[in-house]
Amino acid sequence: DAKTTQPPSMDCAEGRAANLPCNHSTISGNEYVYWYRQIHSQGPQYIIHGLKNNETNEMASLIITEDRKSSTLILPHATLRDTAVYYCIVRGFGNEKLTFGTGTRLTIIP
Amino acid sequence: GAVVSQHPSWVICKSGTSVKIECRSLDFQATTMFWYRQFPKQSLMLMATSNEGSKATYEQGVEKDKFLINHASLTLSTLTVTSAHPEDSSFYICSARGQNRVLAFFGQGTRLTVV
């Protein structure tokens with residue numbers, strides 16, 4: 001699976017949009033981009049995933065660049081409960097494993 | 001999303017004893033289950049992958065005789081930490097994926113403390 005690079009930490013003001021970047025420059029054509037988050041002392045929570053088109057659900061939006069080498073997770077109106085570590089993971093369809101990197105620690109500031 | 005339940009949420013055991021952790025998929029059939037371990041301030045490290053009815057595949061450096069994994073049904077997998085020692089104290093997390101093989105969902109984790 002392609003490796004990902006994320007900033008170690010970010011702050012965002014409550015009520016503003018949180019934009020979390022992820023670099024996956026070695027992604028191959030059949031690999032999806034997944035986002036999970038982990039709130040302290042809990043298991044990871046699925047957020048969203050995509051292949052090449054932008055995706056939106058009730059939690060977030062995923063913007064994937066045209067060359068697929070990077071993506072951005074957008075939380076449109078961040079709340080204090082969005083404080084967590086966010087993981088960007090690239091995995092090929094049919095590949096068994098989800099391999100976690102170090103993620104981005106997002107802190108929402110009141 | 002689908003629900004994965006892990007039990008217990010936390011456990012304290014004496015050194016040398018064994019501890020069993022259960023992972024259940026409540027509303028879907030989990031053809032594949034994964035077990036992770038997470039030490040403080042670190043990321044999740046995959047320990048093993050199990051497919052229903054098959055032997056688990058362990059990651060390099062994980063002792064299969066110490067961490068026994070059973071995946072006997074499509075809704076239940078267990079991880080048994082045998083002869084636990086203080087260095088086995090960690091946060092253990094299971095994940096389950098159904099036949100569509102696209103999404104994996106995680107349990108809430110089990111905090112194991114060996115004293």
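Numbered from 1 within each chain, the chains take letters A, B, ... in sequence-line order.
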What distance do L103(B) atom CG and Y36(A) atom OH have between them, rounded to the nearest 0.5 Å?
5.5 Å
Atom of F91(B), atom of Q38(A) and distance for their closest heavy-atom approach
CE2-NE2, 4.1 Å
About how many Å separate OG1 of T99(A) and CD of E59(B), when rounded to the nearest 0.5 Å?
7.5 Å
Indicate if V19(B) and Y58(B) have the same hydrophobic cluster label, given that clusters are the connected sets of ILVMFWY residues with side-chain heavy-atom separations under 4.5 angstrom.
yes
With a sphere of 6.0 Å drawn around CE of M10(A), does it hold more than 12 non-hydrogen atoms of other residues, nucleotides or ligands?
yes
How close do G43(A) and I93(B) get, heavy atom to heavy atom, and via which atoms?
CA-CG2, 4.3 Å
Do you know which of Q45(A), R105(A), H49(A) has the most heavy-atom pairs under 4.5 Å to chain B?
H49(A)
Given C94(B), A104(B), S9(B), G109(B), the one with more heavy-atom pairs under 4.5 angstrom with chain A than any other is A104(B)
With a 4.5 angstrom heavy-atom cut-off, could you sort out which part of L44(B) is near chain A: side chain, backbone, both or neither?
both
Which atom of Y87(A) lies closest to which atom of Q38(B), heavy atoms considered:
OH-NE2, 3.9 Å
Is K66(B) atom NZ crowded by more than 12 heavy atoms from other residues, nucleotides or ligands, each under 6.0 Å away?
yes
OG of S95(B) to OH of Y46(A): how many Å apart, nearest 0.5 Å?
13.0 Å
With hydrophobic residues grouped by side-chain heavy-atom distances under 4.5 Å, do I21(B) and F34(B) end up in a single group?
no
Evaluate the ring pair (Phe, Tyr, Trp, His ring centres under 6.0 Å) criterion for residues F106(B) and F100(A): first the C-alpha distance (whole Å), next the side-chain angles of each, then the deciding distance (0.1 Å), finally the verdict.
CA-CA 13 Å; F106(B) 289 79; F100(A) 286 78; 5.7 Å; yes
Is there a path from I108(A) to W35(A) through hydrophobic residues (I, L, V, M, F, W, Y) whose side chains come within less than 4.5 Å of each other?
yes
Are L46(B) and L68(B) grouped together when hydrophobic residues (ILVMFWY) are joined by side-chain heavy atoms under 4.5 angstrom apart?
no
Would a 4.5 Å heavy-atom cut-off, applied to side chains only, mark R97(B) and L98(A) as touching?
no
Should L20(A) and I63(A) be counted in the same cluster of Ile, Leu, Val, Met, Phe, Trp and Tyr side chains packed under 4.5 Å apart?
no
